Amino acid sequence: MTLLITGGAGFIGSAVVRLAVSRGLDVVNLDALTYAACLDNLAAVADAPNYSFVHADIRDADALRNIFARHAPHAVMHLAAESHVDRSIDGPGAFIDTNVTGTYHLLEAARAHWEGQGRPDGFRFHHISTDEVYGSLGATGQFTEDTPYAPNSPYSASKAASDHLVRAWGETYGLPYVITNCSNNYGPYHFPEKLIPVVILNALAGQPIPVYGKGENVRDWLYVEDHADALLTVLQNGRTGRSYNIGGENEARNIDLVRLICAILDRLRPRPTPYGDLIRFVTDRPGHDLRYAIDPTRIRTELGWRPSITLEEGLERTVRWYLDNEPWWRALQSRDGVGTRLGTA
Ligand code: NAD
C-alpha cells in the first residue's frame with residue numbers, strides 16, 4: 001500500500017510517517033517545508049527503502065497532478081496545514097490559502113487520480129482535522145461527531161471549511177473519505193512556539209513562563225505517537241464517509257498542565273528555586289476557547305482504539321526528550337516569530 005502523506009515534515013505528520021514506515025507501508029511525504037517543518041524529524045526513516053520525500057506545495061495543482069501520476073497512491077493522509085492559532089489571528093490569509101484552497105487542490109488531484117484508476121473502493125482520502133471546529137464547551141459536556149460546527153478562530157474556521165470540502169467531495173463525487181478530529185497533541189518534535197515546548201524551554205532558560213489569561217482553559221491532551229497510531233487505525237479500519245473524534249482522555253487546565261511540567265523539571269533538572277516561580281499570567285488570546293473535550297465512544301466501540309498513556313507519563317517522556325535533544329530545538333528557535341508573543345490582535 002502506498003500512502004501519500006502531506007505535511008509529513010511537521011510535528012504530527014512526521015510521527016505518522018515514522019510509524020507508517022516502521023510498519024512497512026510505502027510512504028511518499030509531500031511537504032512545502034514552511035517555517036514549521038523540520039526534516040530532522042525524519043532522520044530515523046530518511047534512508048528507508050519504503051520512504052520518499054517530495055518537496056511540493058498543496059496549492060500547486062500541476063505539481064499535485066504529477067505526484068499522483070508518478071506515485072499512484074492507494075490513500076492520502078492530509079495533514080499539511082497552517083496550524084498555529086496565534087499566527088492565524090495575525091495573518092489569516094495564509095490559513096485560507098493553505099487550509100482551504102490547498103485542500104481543494106488536493107481533493108481535485110485525488111479525485112482525478114481515483115477516477116482515472118476506475119474509482120477503486122479501497123481508495124481513501126483521510127483528512128486530519130481538529131476538535132477546534134466544534135467551538136468551545138462550558139464546564140461540562142463533550143464533543144461528539146454530531147456536535148454542530150462553531151469555529152471561533154481563523155485557524156479553526158479554515159479547518160472547518162476544509163472538513164466541509166472533504167465531505168462534499170464524498171457526497172458529490174463519491175470520493176471515499178474519512179475525517180478525524182483530534183484534540184491537542186503533544187510529545188517529541190513539537191515545534192517550539194506551541195504551549196508545552198514553550199513552557200519547557202522558557203523554564204530551562206530561566207525565562208518567564210507565559211500563561212494566557214488565568215490559565216483556566218481546558219484541553220484534552222493526546223500524546224502524538226498515540227495519535228499516529230489512531231490515524232493508521234482509522235485509515236485502515238474506519239468506515240468510509242465517516243468522522244472519528246480522537247482524544248487523549250487526559251483533560252487538564254492549562255495552569256495545572258504548566259505546574260505539572262514544572263514539577264517534572266524540578267525533579268529531572270533541579271535549580272535553586274522551583275520552576276513554578278517563573279509562571280506569569282499574560283493577556284489572554286482573543287476568542288480563546290474555554291474548554292475542549294472529546295467523547296471517544298465511536299473510535300473506542302467501532303475500532304477498539306484507546307490512548308495508551310496518561311498525561312503524566314506522556315509529559316515525563318516529552319520533558320526527557322527535550323532535555324536529550326537540545327540541538328533540535330535550538331536550531332528552530334531562530335525561526336521567524338518563534339519566541340515572540342503572537343496573536344494579541
Ligand atoms: P505543523 O505546523 O507542525 O506541520 C504542518 C506541516 O505542513 C509542515 O511540515 C509544513 O511545512 C506543511 N505545510 C504547510 N503548508 C503547506 C503547503 N501549502 N503545502 C505543503 N505542505 C505544507 O502541524 P501539526 O501540528 O503537525 O498538525 C498537522 C495537522 O493536524 C494539521 O492539519 C492540523 O490542523 C491538525 N491538528 C493538529 C493538532 C495539534 O495539536 N498540533 C490538533 C488537531 C489537529
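Ligands are counted one by one from 1 in listed order, and the atoms in each one are counted from 1 as well. Each residue takes its place number in the sequence, starting with 1. Small disclaimer: the values here were computed from a predicted structure and weren't measured.
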Original post:
Which residue owns the protein heavy atom closest to atom 29 (C) of ligand 1, what's the atom, and how far is it?
Top reply: L79 O, 3.3 Å
**OP:** Flag yes if L323 and Y189 sit in one hydrophobic cluster, no otherwise; membership is Ile, Leu, Val, Met, Phe, Trp, Tyr, and two members link when side-chain heavy atoms are under 4.5 Å apart.
**Re:** yes
Subject >> Polar contact flag for K159 and ligand 1 (N/O pairs, less than 3.5 Å) >> reply: yes
**OP:** Pull out every atom of ligand 1 sitting under 4.0 Å from any heavy atom of L33, numbered as shown with elements.
**Re:** 11 (O)
Original post:
Nearest to atom 8 (C) of ligand 1, what protein heavy atom do you find, and at what distance?
Top reply: D31 OD2, 3.6 Å
Original post:
Taking both backbone and side-chain atoms of A80, is any N or O found less than 3.5 Å from an N or O belonging to ligand 1?
Top reply: no
Original post:
Between the side chains of S22 and R18, is a donor N or O closer than 3.5 angstrom to an acceptor N or O?
Top reply: no
Subject >> For R59, the ligand 1 atoms whose distance to one of its heavy atoms is below 4.0 Å >> reply: 18 (N)
**OP:** Around atom 18 (N) of ligand 1, find the nearest protein heavy atom and jot down its residue, atom name and distance.
**Re:** D57 OD1, 2.9 Å
**OP:** Taking atom types as modelled, find out whether T2 and H71 have a side-chain donor-acceptor pair closer than 3.5 angstrom.
**Re:** no
**OP:** May I ask you to check if ligand 1 and F11 share an N or O to N or O distance below 3.5 Å?
**Re:** yes
Subject >> Element-labelled atoms of ligand 1 that are located less than 4.0 Å from some non-hydrogen atom of N184 >> reply: 40 (O)
**OP:** Treating Ile, Leu, Val, Met, Phe, Trp and Tyr as nodes and any side-chain heavy-atom pair under 4.5 angstrom as an edge, say whether L195 and W321 lie in one connected cluster.
**Re:** yes
Original post:
Does the ring of Y35 carry R87 above it, NZ/CZ under 6.0 angstrom from centre and within 45° of its axis?
Top reply: yes
Subject >> Under-4.0 Å heavy-atom contact with ligand 1, by part of H84 that carries it >> reply: neither
Subject >> Stepwise side chain to side chain contact (heavy atoms under 4.5 Å, CB included) test for I299 and T233 >> reply: CA-CA 9 Å; I299 193 166; T233 301; 5.7 Å; no
**OP:** Please identify which atoms of ligand 1 are closer than 4.0 Å to at least one heavy atom of I128.
**Re:** 30 (O), 32 (O)
Subject >> atom 38 (C) of ligand 1 [closest protein heavy-atom partner, distance rounded to 0.1 Å] >> reply: I12 CD1, 3.6 Å
Subject >> Candidate pair D86 and Y212, rule side chain to side chain donor-acceptor pair (under 3.5 Å), full reasoning >> reply: CA-CA 12 Å; D86 287 341; Y212 291 177; 2.5 Å; yes
**OP:** From the options S156, A32, S14, G102, select the one whose nearest heavy atom is closest to atom 16 (C) of ligand 1.
**Re:** A32
**OP:** Compute the ring centroids of H84 and F191, then answer whether they are less than 6.0 Å apart.
**Re:** no
Subject >> W328 versus N41, side-chain donor and acceptor atoms under 3.5 Å >> reply: yes
**OP:** Examine Y155 against ligand 1 and note whether any of their N/O atoms are separated by less than 3.5 Å.
**Re:** yes
Original post:
What pair of heavy atoms forms the shortest contact from D97 to T101, and how long is it?
Top reply: O-CB, 3.1 Å
**OP:** For A81, take its heavy atoms, then give the atoms of ligand 1 lying under 4.0 Å from any of them.
**Re:** 5 (C), 7 (O), 14 (C), 31 (C), 32 (O)
Original post:
Going by the atom numbers of ligand 1, which of them fall below 4.0 Å from some non-hydrogen atom of C182?
Top reply: 42 (C), 43 (C), 44 (C)
Original post:
At what distance is the nearest protein heavy atom to atom 40 (O) of ligand 1, and which residue and atom is it?
Top reply: N185 N, 2.8 Å
Original post:
Which is closest to atom 4 (O) of ligand 1 in terms of heavy atoms, A63, S158, G10?
Top reply: G10
**OP:** Using a strict 4.0 Å cut-off to heavy atoms of A37, name the atoms of ligand 1 that fall inside it.
**Re:** 9 (O), 11 (O)
Subject >> S129-ligand 1 polar pair, N/O distance under 3.5 Å >> reply: no
Original post:
Can you tell me if S183 and R219 form a side-chain donor-acceptor pair at under 3.5 Å?
Top reply: no
Original post:
So which heavy atom in the protein is nearest atom 19 (N) of ligand 1, and how far is it from that ligand atom?
Top reply: I58 N, 3.0 Å
**OP:** Report yes or no: is the cationic atom of R271 (NZ for Lys, CZ for Arg) closer than 6.0 Å to the six-membered ring centre of Y275, at no more than 45° off its axis?
**Re:** yes
**OP:** Check the side chains of D163 and H127 for a donor-acceptor pair under 3.5 angstrom, ignoring hydrogens and angles.
**Re:** yes
Original post:
G8 near ligand 1, heavy-atom distance under 4.0 Å?
Top reply: no
Original post:
Is a donor on one side and an acceptor on the other found under 3.5 Å between the side chain of W329 and the backbone of Y322?
Top reply: yes
**OP:** Specify the protein heavy atom at minimum distance from atom 1 (P) of ligand 1: its residue, its atom name, and the distance to 0.1 Å.
**Re:** S83 OG, 3.6 Å
Original post:
Quick one: does C38 get a heavy atom under 4.0 Å from ligand 1?
Top reply: no
Original post:
Does one side chain, of D146 or T144, offer a donor that lies under 3.5 Å from an acceptor on the other?
Top reply: no
**OP:** Within a distance under 4.0 Å of any heavy atom of T130, pick out the atoms of ligand 1 and give their elements.
**Re:** 43 (C), 44 (C)
**OP:** Could you tell me the residue and atom name of the protein heavy atom closest to atom 10 (C) of ligand 1, and the distance to it rounded to 0.1 Å?
**Re:** T34 OG1, 3.3 Å
